[in-house]
Each structure stands twice: as structure tokens, then as C-alpha cells.
Protein chains: 2
Amino acid sequence: MQREVAAIYKFYRRHKRMPTYREIAALMGFASKNAAYKLVQKLVREGVLQKDKEGRLVPNRLRAEVILAGVVEAGIPSEAEVAALERLSLDETLIEGNNVTYALRVKGDSMEGAGILEGDLVLVECAEDAPVGAIVVACIDGEWTLKYLREGRGGRYLAAANPRYPDLYPSESLRIGGIVRAVVRTY
Amino acid sequence: MQREVAAIYKFYRRHKRMPTYREIAALMGFASKNAAYKLVQKLVREGVLQKDKEGRLVPNRLRAEVILAGVVEAGIPSEAEVAALERLSLDETLIEGNNVTYALRVKGDSMEGAGILEGDLVLVECAEDAPVGAIVVACIDGEWTLKYLREGRGGRYLAAANPRYPDLYPSESLRIGGIVRAVVRTY
DNA sequence: ATAATAGGTGAACGAGCGTTCACCCGTCAA
DNA sequence: TTGACGGGTGAACGCTCGTTCACCTATTAT
């Protein structure tokens, strides 16, 4: 039972799609794809697999996504509570824009005040413009940096979140490369 | 051109499968799925998309995931550089442990010094024990909280990363619920 | 002006899809 | 002994898939 599910997810990982019933039958050694159909029905009934409304097999979110368990003060949920909780795909949540998203490793402590530390990964959506106040990856006078985008009398400039760093006013050019959409830190 | 590819991969991320030609047509606003077919053919010819030998559209795994583009100082890579860069699936990277991983929303500013702000999402791997020094979700005298796990003469205690908060020594019990493996913040 | 081309529509085709039906055969309970 | 049942086979059904064909514009090159 568990072996069957593992085989299906192995197929999914290798092919980046769920198998057809014919392929499941081959995976399990069945001669008839109907045997695979009945097996899948059983697994769906048990909640191990899922189908979308068109009947296509969909990878179970439990295996692919994070369980959103409320706030810290609520603590770790019991196994019984987990069923009712929302799921969250990080890939989906963090890369939602239509533009290309890059991950950049942060160097230095200039954005420490905004909770962005050295070594963090920032997810940057490519954009040539950004709203004032956003955290941007920008090229100022030929050098790339990660800062707040601010606007003053003299036009736009870059500001660190760390008071030990001065504001940066462009002497020649200020080109925005992208907007920071998310910060990810792993331990 | 880049917009179309992005839309297709956005569909892939949301549905965990590639779209059919009919769905691509809907995505692009075409009335005929043949327009989608021709578009895909062009993209395949350019190597932006791939098909397997059965003619199914296959995600160019290089695009379904985040492009790891080096450090901030290197800036946004040009389209030519992108081909050589590493890719990264956030779901896979952030949920690597064998135990169940939960996402918890952070309340309060007690871990501000560690770059964990109010509203951030912490990914917590369930565990009943944790190494000293780790950031843990723990239940101290019946209350759940997010702190550093420390050890002193009197045994283990919890410490905030914000100096305005006192260390917490358990008067009765200190139960560890999980270890913080990652922090995610979206803007 | 004319031809060629890129990019769209709409209809059609065979193949493969998910699904259903009828049937077979061990196992187990009544 | 009998009958229900779980798990398998094989054939069949519509629907949707990828693919092809004929045709219709605009735009561009000759």
C-alpha cells in the first residue's frame, strides 16, 4: 500500500507529472489499466492521492507543501488538528509575479534593520521600476546593491536599513534591477 | 515572448503539471488552440520549452524553479548568463527534513535581533529535542513561544534575541515542539 | 503592386485518456 | 455450502488530447 504510493510519487519526481492509469498499471505490474484505476480510487478515498475536477491525478499537497499552522503562540498542532489546516506551496507563494524571479544571496549588513541578514536569500522579481519605499536591487553608478528606494528633493536615492550606512545619491545613474518580493533564511 | 513562457510556468507551479494546448490558448487569450500549438512549437524550436517523446510538454526544470543568481553585488544576470546558473526549488530546499514541517506566523518582536520580525513565517520541523543554540518553538510552563534554546547551570532555558525581553527559566516544564529550519518573509 | 511571411481562426483526425461495464477467481464469514 | 467481497482481466464508450489542414488577415520585403 505504501509502496504503491511511493512508486507513483517516484514517477512524479522523475517525469514532473503524474502517471496515466496505463503507466500506473505498468509500474505495479498489472495487465489491465482498470486495476490501476481501482487502486487509485482506493487511495483517493483514503486521502493519499487527489484528483482535480477534470479527473486528473494531482500530487497530494501534504507531500509537496507546508502546513500552515497558525501563529507561534498556538504551538505545534496535534495530528488531529492537521487535517483541517491550510496548506501552502512555497514555490507558488514566493514566485507569483509574471516576471522572472531570481534568488540572490545577501552580502553585508546594510539591511539588517529590515531583518535581512548576511547570507539570506532574497527573491527578486525583475522590474525596471519600483514604488518608492520598496526594497530593491539596484545599480547605482555602476555598482549593484540592495537598499530601500527613497525619494527626496534631489530625486530618487537608496537608503540602507542600518543607520551606520549613509544614503546613496546617484552621481550618474540609478538603474533598478528588481524588487525584493521575499526573504528566505535557512538554518 | 518572455511573458508567455512565464505564464506557462506559473500554470505549472499552480497545477503541478503543464497546461494543455487548450489551456495555453486560454492563458494567452487565443480563441484557437492551434495558435497555442504554433506558439509552443516556436518556443520548443528556440529551446525554451521541451517535449518528451510522447509529445507531452515537459517543464524545463530549469525554469520551474528559482534561478540562483549569485550574490547581490553581482546584480541581475543578463538573459545570456541565466542558462549557466543553478536552479533551486524552494519547496524542496525548505522542507528537507524527515519530520513533518509546519509553517507558523510570528507574533511579537522578541526575536527581532535574529532577523525574525512580526508577521514572518517560520518553518518548523517537528522534534522533541533540539541542540542548544537553535531557535525553537517550545512550550514553557504551558505557553508556546519562539526563542533561542540556551543552557545554563540551572538547566535549559529560553532566551529572546531582543534584549528588552528577559530569559525564561521554566518553573515547571519546558517542552520543545520543533526546530526553526527557515524563515520566510514576503512583501 | 505584389509576394512572402508571421500569427491568428476554425474544423477535422486518430490516438490515448479517464471511466464504466461485465466477468473471473480466491478468501472469508455466515 | 453458499454468498458477499476485494482485487484482478479485458473490452468498450465518449471525451479530450496533440496534431494537421485550409484559410484569413496584417505587416514587411521585393
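Letters A, B, ... are given to chains in the order of the sequence lines, protein chains preceding strands, and every chain is numbered from 1. In this text, all values refer to a predicted model and were calculated from it rather than measured experimentally.
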Distance check needed: [N] [atom2] versus [X] [atom1], whole Å only.
| X | N | atom1 | atom2 | value |
| --- | --- | --- | --- | --- |
| B/R17 | C/dG18 | CZ | P | 11 Å |
| A/R56 | D/dT16 | CZ | P | 10 Å |
| B/Y21 | D/dT16 | OH | P | 18 Å |

Heavy-atom closest pair (B/A159 atom, B/R150 atom, distance to 0.1 Å) is CB-NH1, 3.6 Å
Comparing A/N34 with A/T20, nearest DNA chain C nucleotide closer to 5' gives the residue A/T20
So if I take every side-chain heavy atom of [X] and compare against [options], which nucleotide ends up nearest?
| X | options | value |
| --- | --- | --- |
| A/K38 | C/dG10, C/dG8, C/dA22 | C/dA22 |
| A/Y37 | C/dG8, D/dT19, C/dT19 | C/dT19 |
| B/R22 | D/dA12, D/dT16, C/dG10 | D/dT16 |
| B/K33 | D/dT9, C/dA12, C/dT9 | C/dA12 |
| A/K51 | D/dT19, D/dG8, C/dT19 | C/dT19 |

**Message:** Let's test your reading of the model: under 3.5 Å, does the base of C/dG10 pair with the side chain of B/S32 as donor and acceptor?
**Reply:** yes
| query | Is the side chain of B/D120 donor-acceptor paired with the backbone N or O of B/V183 at a distance under 3.5 Å, no angle test? | reply | no
Worked verdict on A/S110 versus A/N162 for side-chain hydrogen bond (donor to acceptor under 3.5 Å, both in side chains): CA-CA 5 Å; A/S110 70; A/N162 188 330; over 6 Å; no
